[in-house]
Number of protein chains: 2
Amino acid sequence: MKPGVSPDTFPPRSHEAKRISVVEAAASVFCREGYAGANIDLIAAEAGVSRQTVYNHHGDKEKLFVAVVRDLTERCNAGIFATIATFPDQPAGLEADLVAFAVRMNRNCTCNRDGRFLRKLIQAEGERYPELFAEWREQGPGRTWSALAARFARLAYAGHLSIDDPDVAARQFFALVNAELQITFMLGGMPTEEEVLRSATNGVRTFLAAFGRRKAASVRQAGLAHA
Amino acid sequence: MKPGVSPDTFPPRSHEAKRISVVEAAASVFCREGYAGANIDLIAAEAGVSRQTVYNHHGDKEKLFVAVVRDLTERCNAGIFATIATFPDQPAGLEADLVAFAVRMNRNCTCNRDGRFLRKLIQAEGERYPELFAEWREQGPGRTWSALAARFARLAYAGHLSIDDPDVAARQFFALVNAELQITFMLGGMPTEEEVLRSATNGVRTFLAAFGRRKAASVRQAGLAHA
DNA sequence: ACAAATTTAGACAGACTTGTCCAATTCGTC
DNA sequence: GACGAATTGGACAAGTCTGTCTAAATTTGT
């Protein structure tokens, strides 16, 4: 991974810092302009380094692009798993806890800088790099859905939910919670805190109406009705 | 709209046919390569015309791109409204009818060539042409959601569903029905007929569990469980 | 303070694009 | 069959971009 150096002395931090700076600037420019439209000079300028430094670190444009996607995938996955770890296993108030979880997921994974960038790169360039994005698919959604499904299964086993197929339920949870943000996502925009909360609230409410234990039948009519 | 011609004789059909041919080839190339990566020579070749003809018809690359998006938007909207017209207002079997409707929607609008192309262009270039895609947003999703919400409201009023907010329900219906196709859509792929059916079936089942009238409480456990 | 490695700015060739121009050809129509 | 409009292919200038190279300046560790 690291460029060849003397036995025990590794390159100064500034070296690594610049590498990161370049990758981040590249992520931003690739997303804004597309792969073909991205300009190495612009990336260098935005990273605050010279063009030559970009080539020294990453070889060529395509390798830089791959590095960007790998980087984003890794960070996003880390964020997703960290957030899944906060899933409410022993909920005090199920609706409130699931809403809070959904909002965390949105804020820390789906809507943050890395999440939006990765999504856009996948959408725009996914077909051009099949193996790269197949890798993302396995590492990301593949493991993510399983992990989330396991949490829902546990919640069902503990009697808080009534679920036939945890995998389907997990995917539907996500779909419901993001239902009102689709168009904003499509255009690469950043929903407001309030929109996220509203979409999550409406989504969780419907999710519980479908999968909630029937004991508390008044759940759906309880809260304020967000338009 | 049409280019200036003599009073009563309009250009031969071949003229218009080539215009269409160019726009379709352009849609394909813009989607595959992105705006910046799209090459006019390639578009011309794919359309089976000379480069000069492309310029004769559309002026320049940007105007051609706008024409492509307008064209796709128009056709997609027409398809969407035509499909919404087949919404089951007086359902014989509610679940089966809604599944069939969802499958129609997917096949004729979301997953067909125009739908996939338009979605990709919006995702990739939406930020670069705010007013163009704002127009799409108003003409497309804006009116679509209203129309669909109205249908659900009628269904609720007729006693087939129990819905608080028809707009929310309409968005959630779409989200649920496409829940299992998200990743395929992201990568610009085309789901199989079977995947579409499965996602629709699972989605409608959950939708009815949440919004169905309680009379038939056994709805959720009825059908075969699609994994 | 010194020596080695890294970074920088700039020039550079090669390739590629866009959009224009033009003469020759083809096509549809009368 | 002949006329006029549309189409074609090719050449073309102007601009942009990638990736390389070099010599000078800077930074880093010792």
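Chain A is the first sequence line, chain B the second, and so forth, proteins listed ahead of strands; every chain is numbered from 1. From a predicted model like this one, the values you see are computed outputs, not experimental measurements.
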Open item on the list: Does C/dT8 have OP1 or OP2 under 4.0 Å away from a side-chain N or O of A/Lys18?
Closed with: yes
Open item on the list: Within the 4.0 Å heavy-atom criterion, would you say B/Ala44 contacts the bases, only the backbone, or no part of the nucleic acid?
Closed with: nothing
Task: Presence of A/Thr53 side-chain N/O under 4.0 Å of C/dT8 phosphate oxygens OP1/OP2 - done: yes
TODO: In whole angstrom, give the distance that lies between atom CG of B/Asn56 and atom C1' of C/dT20.
DONE: 11 Å
Open item on the list: Output the rounded distance in Å from CG (B/Asp60) to P (C/dT17).
Closed with: 17 Å
- [ ] Could you verify whether a donor N or O on one side chain and an acceptor N or O on the other, from B/Glu46 and B/Ser28, lie under 3.5 Å apart?
- [x] yes
Task: Gap between atoms CG and P, on B/Asp41 and D/dG9 respectively (whole Å) - done: 12 Å
Task: Centroid-centroid under 6.0 Å between A/Phe207 and A/Phe174 rings - done: no
Open item on the list: Less than 4.5 Å apart, side chain to side chain, heavy atoms only: is that true for B/Arg119 and A/Met186?
Closed with: yes
Open item on the list: At 10 degrees resolution, what angle do the end axes of the helix from C/dA1-D/dT30 to C/dC30-D/dG1 form when each is taken over five base pairs?
Closed with: 40°
Open item on the list: Tell me the interatomic distance from B/Ile40, atom CD1, to D/dG15, atom P, rounded to whole angstroms.
Closed with: 19 Å
Open item on the list: Distance check needed: C/dT17 P versus B/Tyr55 OH, whole Å only.
Closed with: 11 Å
Open item on the list: Quick one about A/Thr201 and A/Arg205 (side-chain donor to acceptor, distance below 3.5 Å, no hydrogens or angles considered), yes or no?
Closed with: no
TODO: Could you check how far NZ of A/Lys63 sits from C1' of D/dT18, rounded to whole Å?
DONE: 13 Å
Open item on the list: Measuring centre to centre across the rings, with the benzene-like ring taken for any Trp, is A/Phe30 within less than 6.0 Å of A/Phe117?
Closed with: no
Open item on the list: Check the phosphate of C/dT7 against A/His57, side-chain N and O only, distance under 4.0 Å to OP1 or OP2. Yes or no?
Closed with: yes
- [ ] Could you tell me the separation between the CZ atom of B/Arg19 and the C1' atom of D/dA6, rounded to a whole number of Å?
- [x] 16 Å
- [ ] Please check if the distance between the ring centroids of A/Phe152 and A/Phe211 is under 6.0 Å.
- [x] no
Polar atoms only, N or O, under 3.5 Å: list the protein pairs with nucleotides 9-16 of chain C and their distances.
| residue | atom | partner | partner atom | Å |
| --- | --- | --- | --- | --- |
| C/dA11 | N6 | A/Arg51 | NH2 | 2.9 |

Open item on the list: For the aromatic rings, using the six-membered ring if either is Trp, is the centroid distance between B/Tyr129 and B/Phe65 under 6.0 Å?
Closed with: yes
TODO: Rounded off to whole Å, could you give me the CD-to-P distance for the A/Glu16 and C/dT6 pair?
DONE: 12 Å
TODO: For residues A/Ala179 and A/Gln182, report the shortest heavy-atom separation together with the two atoms involved.
DONE: O-CG, 3.5 Å
Open item on the list: Under a 3.5 Å threshold, yes or no: a donor from one side chain and an acceptor from the other, between A/Ser50 and A/Thr53?
Closed with: yes
